[in-house]
Amino acid sequence: GAGVSQSPSNKVTEKGKDVELRCDPISGHTALYWYRQSLGQGLEFLIYFQGNSAPDKSGLPSDRFSAERTGGSVSTLTIQRTQQEDSAVYLCASSFVLMRAGYNEQFFGPGTRLTVL
Amino acid sequence: AQSVTQPDIHITVSEGASLELRCNYSYGATPYLFWYVQSPGQGLQLLLKYFSGDTLVQGIKGFEAEFKRSQSSFNLRKPSVHWSDAAEYFCAVGRAYNQGGKLIFGQGTELSVKP
């Protein structure tokens, strides 16, 4: 079946502009995660959605970052007033949460490479 | 706080030689442990995982890893490296889903394979 898809694959923007990154999780997966991969910080958790629960936003680096998940499926990560330090690869992952399992494997998309000039 | 340490930033091995990538973790409960591989321009691919049970786990592409609770380690091994194994490898610990389920990654180890 189809894996996690992300769009665009590459995005170049100017400092101060807003950007939207999209993630389509695997069908039926209830949990969705955003991570950021940058040279200085490695792989960092950003935000987590699970079903209808309030998202865990504890990894968002500033209030310029926000995300939503519509209809329990597609998610959009928005970065407002982009800064050069926002340049990174943004990875999305999804998983199917089993009520009895302590953990569930996450499947990753190919990522969106964001470059802020 | 949970953390993952990969002491080796870059490793070079000869094709056909054995490989061991080190990973140490800090976690207060039973860890869920993973190794991912990332080829240039690609996303993360799961190599193997440890949730419980047998401490020696087998993964894809001939990789295996051993969980050693006493050493807080989860080292990745392969008996004979192929040129196609050149990539970046990430060790990660996962929090239980009722704690958010997020993955905490090490800094990664870049593997180069020389002919």
**Asked** Are the side chains of B/Phe90 and A/Leu43 in touch, meaning some heavy atoms are under 4.5 Å apart?
**Response** yes
**Request:** Measure B/Leu44 against the heavy atoms of chain A and call it side chain, backbone, both or neither at under 4.5 Å.
**Result:** both
**Asked** Does the A/Tyr35 side chain pair with the main chain of B/Leu103, one donor and one acceptor, at a distance under 3.5 Å?
**Response** yes
**Prompt:** Is it the backbone or the side chain of A/Ser58 that comes under 4.5 Å from a heavy atom of chain B, or both, or neither?
**Reply:** side chain
**Request:** State plainly whether one hydrophobic cluster holds both B/Val4 and A/Phe45, where clusters connect Ile, Leu, Val, Met, Phe, Trp and Tyr through side-chain heavy atoms under 4.5 angstrom apart.
**Result:** no
**Request:** Please check if A/Leu91 and B/Val93 belong to a single hydrophobic cluster, counting links between Ile, Leu, Val, Met, Phe, Trp and Tyr side chain heavy atoms closer than 4.5 Å.
**Result:** no
**Message:** Please classify the contact of B/Gln45 with chain A as side chain, backbone, both or neither, using a heavy-atom distance under 4.5 Å.
**Reply:** neither
**Asked** B/Phe74, B/Phe63: one ILVMFWY side-chain cluster at the under-4.5 Å cut-off?
**Response** yes
**Prompt:** If you group Ile, Leu, Val, Met, Phe, Trp and Tyr by side-chain heavy-atom gaps below 4.5 Å, do B/Leu46 and B/Val57 land in one group?
**Reply:** no
**Request:** With rounding to the nearest 0.5 Å, note down the distance linking NZ in B/Lys102 to CD1 in A/Ile47.
**Result:** 12.0 Å
**Asked** For the residue pair B/Tyr36 and A/Phe108, is the inter-centroid distance of their aromatic rings smaller than 6.0 Å?
**Response** yes
**Prompt:** Can you check whether A/Glu44 reaches B/Phe105 side chain to side chain, under 4.5 Å on heavy atoms?
**Reply:** no
**Toward chain B, the part of A/Gln106 with a non-hydrogen atom under 4.5 Å** = both
**Request:** Go through the atoms of A/Gln37 and report whether side chain, backbone, both or neither lie under 4.5 Å from a heavy atom of chain B.
**Result:** side chain
